[in-house]
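Take a look at the structure set out below.
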Amino acid sequence: MPDELLHLPVIQSILAREKATPGALLPILHALQDALGFIPEAAVDEIAHALNLSLAEVRGVISFYHDFRTTPPARHTLRLCRAESCQSRGSEALAAQLREQLALDDHGTSADGAISLRPVYCLGACACSPALQLDGQVHARLTPERLRALVNGCLEDQPC
Ligand code: FES
């Protein structure tokens with residue numbers, strides 16, 4: 001079954017539930033990403049039609065917010081904190097280490113689908129800066145060595 005048909009029941013269910021909500025576009029996009037891990041291209045047409053918006057309006061909102069994904073997520077998501085406390089404790093150097101080790105930018109995904117990088121602005125672990133979140137779990141008091149070990153663990157983790 002083509003991917004666009006695979007996701008259609010989820011898309012239609014979310015649209016039926018949310019389209020009457022005032023300012024429905026963002027709640028719909030969030031619900032889709034929560035349900036599917038990303039916003040498939042097939043959803044853009046369906047959303048535009050349901051909300052009487054142009055395709056460009058829907059795509060513009062998706063591209064404006066970095067947290068919305070238009071491709072399936074990687075197996076691991078690493079969010080390095082870039083806010084003030086972590087910056088003062090070396091997060092920019094850790095970000096540079098990540099970019100170099102993975103050959104990705106701050107919002108990139110590795111070609112093998114192992115890991116995605118996303119910046120985040122405070123994880124509530126300021127007292128233990130610098131910090132990151134890996135697959136929802138916070139790791140604090142990072143060092144270059146700990147960061148490299150975490151990333152290596154992700155890269156060694158093969159898909160089932
Ligand atoms: S500034 Fe990084 S956890 Fe708060």
Side-chain angles (χ1 to χ4, degrees), residues 1 3-4 6-11 13-15 17-18 23-44 47 58-160:
M1 179 185 295
D3 279 356
E4 54 275 12
L6 194 67
H7 300 306
L8 211 47
V10 173
I11 296 166
S13 162
I14 289 170
L15 284 173
R17 190 182 71 219
E18 301 283 352
L25 181 54
L26 282 175
I28 288 168
L29 294 174
H30 282 292
L32 277 169
Q33 183 143 306
D34 288 347
L36 302 173
F38 74 112
I39 300 164
E41 179 60 28
V44 175
I47 294 168
V58 177
R59 286 196 179 102
V61 170
I62 293 169
S63 64
F64 182 79
Y65 295 99
H66 282 299
D67 273 349
F68 288 137
R69 303 180 45 82
T70 55
T71 55
R75 294 192 296 283
H76 302 281
T77 300
L78 190 157
R79 298 173 185 272
L80 179 65
C81 181
R82 311 293 286 276
E84 192 172 319
S85 175
C86 287
Q87 268 191 33
S88 72
R89 304 291 301 268
S91 68
E92 290 307 309
L94 295 174
Q97 176 182 320
L98 278 175
R99 289 191 297 266
E100 183 184 331
Q101 181 179 1
L102 296 168
L104 296 175
D105 68 22
D106 291 336
H107 296 269
T109 297
S110 59
D112 63 357
I115 188 166
S116 284
L117 299 181
R118 297 286 180 271
V120 67
Y121 295 90
C122 197
L123 293 163
C126 313
C128 305
S129 306
L132 64 74
Q133 187 181 57
L134 177 60
D135 299 334
Q137 183 178 355
V138 174
H139 299 263
R141 292 184 170 57
L142 289 171
T143 62
E145 295 75 23
R146 284 194 64 215
L147 178 61
R148 189 169 298 279
L150 288 168
V151 170
N152 286 342
C154 294
L155 296 177
E156 291 163 9
D157 179 29
Q158 297 301 310
C160 299

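These figures come from a predicted structure and were not determined experimentally. This chain uses plain numbering: 1 for the first residue, then up along the sequence.
- Contact between C154 and L134 at its shortest, heavy atoms only, is SG-CD1, 3.7 Å.
- Contact detail for Q33 and F68: the closest heavy-atom pair is OE1-CA, 3.3 Å.
- Checked options V120, L94, L150, L117; the residue passing with L132 is L150 (criterion: side-chain contact (heavy atoms from CB on, under 4.5 Å)).
- Scanning both residues, R82 and A95, for their nearest heavy atoms gives CZ-CB, 3.5 Å.
- When side chains are defined from C-beta on, I39 counts as touching L29, because their heavy atoms get closer than 4.5 Å.
- The line from CD of Q101 to CG of L147 is 7.0 Å long, rounded to the nearest 0.5 Å.
- Distance NE2/H30 to CG/L25: 9.5 Å, rounded to 0.5 Å.
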Kindly indicate, with the supporting measurements, whether the criterion side-chain contact (heavy atoms from CB on, under 4.5 Å) is fulfilled by Q97 and E92. CA-CA 9 Å; Q97 176 182 320; E92 290 307 309; over 6 Å; no
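- At a threshold of 4.5 Å between non-hydrogen side-chain atoms, the residues R59 and V44 count as touching.
- Rounding to the nearest 0.5 angstrom, the gap separating the CD1 atom in I14 from the CG atom in L32 is 4.0 Å.
- Looking only at distances, no side-chain donor or acceptor of R148 sits under 3.5 Å from a matching main-chain atom of V151.
- Closest non-hydrogen pair, A131 versus L142, comes out as C-CD1, 3.7 Å.
- Proximity of the aromatic rings of H7 and F38 is defined here by a centroid distance below 6.0 angstrom, and this criterion is met.
- Rounding to the nearest 0.5 Å places OG of S116 at 4.5 Å from CZ of R118.
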What do the steps show when you test T109 against L104 for side-chain contact (heavy atoms from CB on, under 4.5 Å), and what is the final call? CA-CA 7 Å; T109 297; L104 296 175; 5.7 Å; no
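- Atom CZ of R141 sits in a sparse spot, with 12 or fewer heavy atoms from other residues, nucleotides or ligands closer than 6.0 Å.
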Does the salt bridge (Lys or Arg N to Asp or Glu O under 4.0 Å) test come out yes or no for R99 and D106, once each step is laid out? CA-CA 7 Å; R99 289 191 297 266; D106 291 336; 2.9 Å; yes
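- Under the 3.5 Å distance criterion, the side-chain polar atoms of R146 are matched with a main-chain donor or acceptor of A140.
- Of the candidates S91, S88, S85, S129 forms a side chain to side chain donor-acceptor pair (under 3.5 Å) with just one, namely S85.
- When the shell of 6.0 Å around CZ of F64 is examined, it contains 12 or fewer heavy atoms from other residues, nucleotides or ligands.
- Taking CD1 of I115 as the reference point, atom OG1 of T77 lies at 8.0 Å (rounded to 0.5 Å).
- Between R79 and D67 there is a salt bridge, since at least one side-chain N of the basic residue sits less than 4.0 Å from a carboxylate O of the acidic one.
- Summarising the geometry, atom OG belonging to S13 is positioned 11.0 Å from atom CG belonging to L8; distances are rounded to the nearest 0.5 Å.
- Taking both residues in full, the closest heavy atoms of Q137 and H139 are given as O-CD2, 3.3 Å, listed atom of the first, atom of the second, then distance.
- For the pair L155 and L102, the minimum side-chain heavy-atom distance is below 4.5 Å.
- Between R89 and E84 no salt bridge is recorded (no basic side-chain N to carboxylate O distance below 4.0 Å).
- Side chain of Q133 to backbone of L78: no donor-acceptor contact under 3.5 angstrom is found.
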